[in-house]
Amino acid sequence: MKLDYSFYQNPDVEDVAQKLLGKVLVTQFNGILTSGKIVETEAYAGPQDKASHAYNGRRTKRTEIMYREGGTAYVYFIYGMYALFNVVTNVKDIPHAVLIRAIEPVDGIENMIRRRKLKDVKHNLCAGPGLLTQALGITTKHSGLSLIKSNIRIEDRNIKISDISSGPRINVDYAGDDALLHRRFWIKQNPWVSKAR
DNA sequence: ATAAAGATCATT
DNA sequence: ATGATCTTTATG
């Protein structure tokens, strides 16, 4: 069943990041349904987190979306090529977010392969934040959409997951000491987790 | 108006 | 380790 606002409005963003592991991220655009099991996430704890776009309460046109109520999609463009998908958490005006870093393909795999311009299923189909958005057809124009009311949603399909591992977030060295915090979570030994760089 | 950086990825 | 590629943001 689809996750509701009560799931997303949890005040503990690290807790949500871990609970998202094993849930299924689904998009349904133009009748094409694609989905994947979330296997890797990162928590961004708003104003107190030097790695967050909302650090120190920064509000810009882009980051404004993070101040919406939990259960909103925050998608932004980075490095001139990639859209990264985040789940906004906590209540309105508290800019917490969870970056979805990797999924394991579940539904519509042929369409995911086509969107990625691959020949067949390879490890790089959706193991990385910039790759899974391509595979699911997510772009910046989806930023601000409700995960409860739009064609992007997250479902609990009662998938049991094994142990959770944690470590520092990727590519946030600009965050000083906050770069050392263990706010990246993944399903232990899952082959679809992104390559750590 | 300009410049610099960036929650990445593929390749060497 | 480096290059591709361009939006967002800060600064002047």
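Both backbone and side-chain heavy atoms feed into the values below; hydrogens, waters and symmetry mates do not. Throughout, a chain's letter reflects where its sequence line sits, starting with A, and its residues are numbered from 1.
The shortest distance between the side-chain N/O atoms of A/R184 and the OP1/OP2 oxygens of B/dA7 is not below 4.0 Å. In terms of phosphate contacts, A/N171 brings a side-chain nitrogen or oxygen within less than 4.0 Å of OP1 or OP2 of B/dT8. Between A/T60 and the phosphate of C/dT9, there is a side-chain N or O to OP1/OP2 separation shorter than 4.0 Å.
At whole-Å resolution of the value, CH2 in A/W186 and P in B/dA7 are 20 Å apart. One atom, CG of A/D173, and another, C1' of B/dT8, lie 13 Å apart when rounded to the nearest Å. Whole-Å rounding puts the A/Y74 OH to B/dA7 P distance at 9 Å. Protein atom OH of A/Y76 is 18 Å distant from nucleotide atom P of C/dC6, rounded to whole Å. Between A/Y55 atom OH and B/dA7 atom P there is a gap of 15 Å when expressed in whole angstrom units. Separating the OH atom of A/Y82 from the C1' atom of C/dG3 is a distance of 11 Å, rounded to the nearest angstrom. Atoms CE (A/M81) and P (B/dA7) sit 15 Å apart, rounded to a whole Å. Rounded to whole angstrom, the span from the CG atom of A/L118 across to the P atom of B/dC9 amounts to 13 Å.
When heavy atoms are screened at a 4.0 angstrom cut-off, A/L84 is found touching the sugar-phosphate backbone but no base atom. Contact annotation for A/R59: no contact, since no heavy-atom pair falls under 4.0 Å across all strands. Across all strands shown, A/F77 has heavy atoms under 4.0 Å from sugar-phosphate atoms exclusively, and none from any base. Nucleic acid contact class of A/N86 (heavy atoms, under 4.0 Å, all strands): base. Contacts of A/R169 with the nucleic acid, taken as non-hydrogen atoms under 4.0 Å apart, are absent.
In this structure, the nucleotide among B/dA10, C/dT5, C/dT8 sitting nearest to the side chain of A/N124 is B/dA10. The side chain of A/T63 has C/dT9 as its nearest neighbour among C/dT9, C/dC6, B/dA7. Distance from the side chain of A/R116 is smallest to B/dA10 among B/dA10, C/dT7, C/dT8. Here the side chain of A/I78 is nearest to one of B/dC9, B/dA10, B/dG6, namely B/dG6. Counting only heavy atoms from C-beta on, A/R58 has its side chain closest to C/dT9 among C/dT5, B/dA7, C/dT9. Minimum atom distance to the side chain of A/L131 is reached by B/dA10, of the listed C/dT5, B/dT8, B/dA10.
A cation-pi contact links A/R169 to A/Y44, judged by a cut-off of 6.0 Å to the six-membered ring centre and 45° from its axis.
Remark: the A/S166 side chain and the A/R183 side chain contain no N/O donor-acceptor pair separated by less than 3.5 Å. One side chain, A/N190 or A/E104, offers a donor N or O that lies under 3.5 Å from an acceptor on the other. Using modelled atom types, one finds a donor on one side chain and an acceptor on the other under 3.5 Å when comparing A/R116 with A/Q134.
Relative ring orientation between A/H53 and A/Y76 is described as perpendicular, the plane-to-plane angle rising above 60° on a 0-90° scale split at 30° and 60°.
Comparing A/T140 and A/Y79 by the nucleotide of DNA chain C whose heavy atom lies nearest to each, the residue mapping closer to the 5' end is A/Y79.
By the criterion of a centre-to-centre distance under 5.5 Å and near-parallel planes under 30°, the ring of A/Y174 forms no stack with the base of B/dA5.
Using Watson-Crick or G-U wobble geometry with both donor-acceptor distances under 3.5 Å, C/dT5 finds no partner in any strand shown.
A/L84 and A/I138 fall into different hydrophobic clusters, defined by Ile, Leu, Val, Met, Phe, Trp and Tyr side-chain heavy atoms under 4.5 Å apart, directly or through other members.
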